[in-house]
Structures are given as structure tokens and as C-alpha cells.
Amino acid sequence: MRWGLVIVPVVSVLAFVGCGGRREPTGGDTLRVAPDIVTRRAQFAPMRLTADLSPLSTSDRAALNDLIGAAQVMDDLFSRQVWVGNPAFAKRVAALAGENSTPAQQYYRIMFGPWDRLKEFEPFLGDKTHPLGAGFYPEDMTAKEFEAYLAAHPEARTAFCSSFTVIRRAEAGLVAVPYSQEYRAPLEAAAAKLRSAAAATDNESLKRFLTLRAEAFLSDDYYASDVAWMDLDSPIEVVIGPYETYEDTLFGYKAAFEAFVCVADPTESARLEVYKGELPFLERSLPIPDEHKNPSRGSESPIRVVDLAFSAGDAKAGVQTVAFNLPNDERVREAKGSKKVMLKNVMHAKYDAILVPIAGHVLPSPDAAKVAFEPFFQHVLFHELAHGLGPGRIVKDGRHTEARLELKELYSAIEEAKADVLGALALYQLADKGLVPQAIVDSLPSTFVAGLFRAARFGATEAHGLGVVIQVNKMLEKGAIETTSDGRFRPVAASFRPGLEALCHDLLMVEALGSYEGAKAIVDKYGTVPPAMGALLGGFVTIPVDIEPVYSIGPERSS
Ligand code: ZN
């Protein structure tokens, strides 16, 4: 699973201008380019990402170079997974000429294909409809045909539904081809790079993971290397292989190749250890009656804070990930749990490119001047920690159950809003103990308000967006946020922390009681974007939707 900090718009503000569009000459070839290609491309602000390599040994730096080499193979593999036609189409795109050719080529690179990932895969180059099964299935195969084949060949189900096979046509009908066969040559090249990195590093846990992952590329059995990844204790944090299945919009079976090559942040990791030690204190300090507190909730998955040195494939397409939780294999999760990795420099780039301009738009200047990266980052971190606080397993009418099950489809929005406000409250509580710098809580209210607008940007139809709208309405009602005469929003210093505390109480109690009616009442009353907020959101069109990473470590990408 992954988080983007940018919610893909359900209804885009930049409407596509119907059919038509300019046809760019490509040496006898013509390719339709969406007429608003310049605007589309401008949604992604190029941002240089750097990582501090000074904590790395010389041998680990050599390993890092090999890992970047292996990661580059994932770009090619993913491109083929997006669409089998991509390698040939890329040549037509490269040959484009005319005024819109550069943004079209850049957008093609960002999207890893001719379909707009911000617009439900609408084509922006050419007219081809996006194949639901991407490059994983024959393009003319329907879900019905797939199911019919399996009904007639039940013994083929495991291979057909495997995350690590593609489906192709053969004389006898359909056939499942393992990734290790379909992508043999590139996987061998990537495996060689991983082995070279394993030979270079002096870190045993990294050596073990890379060796096992190189074997997995050629055997399609990722279990042992996923387990080794959970045991990774290295200044280099690397994810490489087939992981998420979002790209397969036909069935969601097939995993897409990606890579995150990261360098651990020792300062943040040490801070995080302190914070984790405070989780029992934070649970005891929840603003709800003691009977609803859960001192033995148990530790959640481990969290690591890193800087991203290079990403490739699925990890780099469209909206950039700021955090991920892996592995996805339930057998590994049961045996070893899962690990959350937060990409601090990606968050910093999004902060600079998106949050700062939003703050300037939303807050009066004195408040906008207080917005800062550290409170933004610490709040994101505490949002994650806050998911592990408060009522989870509960007793309702004598039944043992879970808040999640009782709140049903409303749970996500309530839980996301809870994590936001409880995360902010926790920063105040730890500042009281001297564990969080006072400067962070001083700039937290302004940063928090700007952050709400960032998350609400694409409406209230998604859990995070709805959770945010609930917070804004509740904070306005409690006087923790106010609107100014010129239509801006600002935090009210004296009421901000009490407002957070009161809202925390309301949300936690809905979860503690497992009250669907309570959750419904909150969503019904507070789940609509207030007009003053809607007016501000409407002016965000020129603020980038996301960043395009430009890496300063390893080779630059062309164009
Ligand atoms: Zn969350």
C-alpha cells in the first residue's frame, strides 16, 4: 500500500476539450496531442531530490550505484507492463515535432504511457483506449473469457491469478507465462546488478535481501526475500521488484515492477525511537474516559524515515508516493508484520511546490509566514503513529468487535480525521514534556490549516478529503479556526489546542462506542465543503498538483 499526499482528482478542474486536438507531424505519421497538453504538464512541478550520502560507507555507496542501475531496469519492465505497445509507441513520441511536442513527450514520460493518470486513463496522445488489463493480459481478452477459461481449466487458476504471471494467447487458448520467462533478459540484468550490490555492501542484512531478491527475479518466488526485507537493518533501504497490483484495473491480480532506492535518515530514526517510547503516555493522555483507553493495543508496524535517492517504474508513474507499507504478501505480514517507510525528501519537495503556495493563497500573510516544513513533516509522522492509538478492538452490547467493522463505510473518513487531530494534539503533549521543540507547536496551527486545504483540494468524495472537511467544519464551529473579512482562513491561537482536543474527543468516542449512527451524524452535519473554503479551493488551478522527481544521484533521465 502507498500514500501520495495528493488525492487524484475525481472531477478535474481542467476539463479536456472534447475530441479534436492538434495532430503533430512525425515524418508522415500523425499523432493527436491533447490541446491542453501544456496545462496538463504544468500540473507536475519538476523538483530535484537529493539525499545525504555522508552516513554511507564507501562500499555502501558502490552498492547504491548498482541498486540505481537495477532500478533503471524496472522503468523498462513497468513500461511494458503498462502497455505491450509502449516500446514501439515511444519511438513515435520521440519523433514528435511542433510546439506541443516537448510537453507531450514529458507528459508521456511522467505517465509511462499515452493515458492521463489524473483523468482516469483518458488518452492525451493518440486515440487508443486504455486497456483495462494494461500489458498483463491480451488486449482483446474480456473478463468473461478469462473466467470461462478458468471454469473449463480449474487446475490453471493458481497460475492465472498469480501476481507474477502475464496472460497470453496460445494455440490452445490462454496461457499463464511467469514473469521470469516473459521478462527474462531484463530480470537477469537486474539480478546481476543486485548481486553486484550484494557483493559490494558490508551490511549483512542488505547482502541477504539482495541475494534472495536476485534469486526471486528468476524463480518468481518472492517470499524469502520479502521476509529478509522485514529484517533489513541497513543505512540503505531498498524496495525493488513487483509489488502493487493497482495497474491491473481488470482484476487487480498482477504486480507491477517498481523500485525505491533510499538512504536512512539517522536523526529522524533516533527521534522516532523516542516517540515510539511515548505511545503508552499518549494513549493514557487521550481526551476520553479511561475505560475506553487501550493500554495494551500493541505495537503497530515499524516505521522508517528515509530520503529517496532514486525511484523507478510503478513508484514513479503519475502522482508520487510519500510513504509506503510493504510487503503485501499476507503470509509475510502474518509472520513478520509489515514496515512503513516515509520518504522525507519527497514530502519536502511537495511541501515547497504545493503547500507553500497553498498557504499563501489561504492564510493571511502573518499566518502564512509561520508555515514551516518541520511541523508539516512531524505532523505527517504523528498522523501515522496516531493510527495506532485509541479504540481499535471494542466491546459493543457485550459483543467483541472492532470500531472499523461497526463504522463500516464511514470508518475511513472518521479514522483519517482522528489521526490528523490526534497527531497534532500529540505534538502539543510531547512539547509539554520537552520532547518536541516548542518551535514546532508554535508553527503547527498555520501549517495544519494550510495542510487541510491541500488535502481537501480534490473534494470530499474520498476518505482523506471527507475527513478533512469534517475537521474544517468542526474547527470553525469550535472557534479554533476563523475566516477573515477577505475570505481567508486562519487558526485562532488561544482556541486551537482546546479545539483539537474537543474534536479528538468527539471522533474517539464514536470509535470507542462503535456508533455507526454517531459517525453518520458527524458526516451528515460536517461533511460538506463550507462555501468560504470552496471559494478558496477554486483558486488553486495554477498551483501544481504534484511534483516530478528529478534525481541528482545517479544518471539523469533523458529529455
Ligand atoms: Zn492515515
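When a ligand or atom number is given, it counts from 1 through the structure's own listing order. Any value given below was found using the heavy atoms of this structure, including those in side chains, with hydrogens, waters and symmetry copies removed.
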Flag for His292-Glu511: side-chain donor and acceptor within less than 3.5 Å:
no
Is His383 close enough to the Zn ion (ligand 1) to have an N, O or S atom under 2.8 Å?
yes
### Query
So, for Tyr275 and Phe382, is the gap between ring centers shorter than 6.0 Å?
yes
Among N, O or S atoms, Glu416 approaches the Zn ion (ligand 1) most closely through OE1
Checking distances from the Zn ion (ligand 1), one finds that the N, O or S atom of His387 closest to it is NE2
Which atom pairs, one a donor and one an acceptor, fall under 3.5 Å between side chains of residues 355-372 and the rest of the protein, sequence neighbours left out?
unit_1 : atom_1 : unit_2 : atom_2 : d
His361 : NE2    : Leu536 : O      : 3.3

By side-chain contact (heavy atoms from CB on, under 4.5 Å), Ala519 pairs with (sequence neighbours left out) Leu407, Leu410, Ile414, Val510
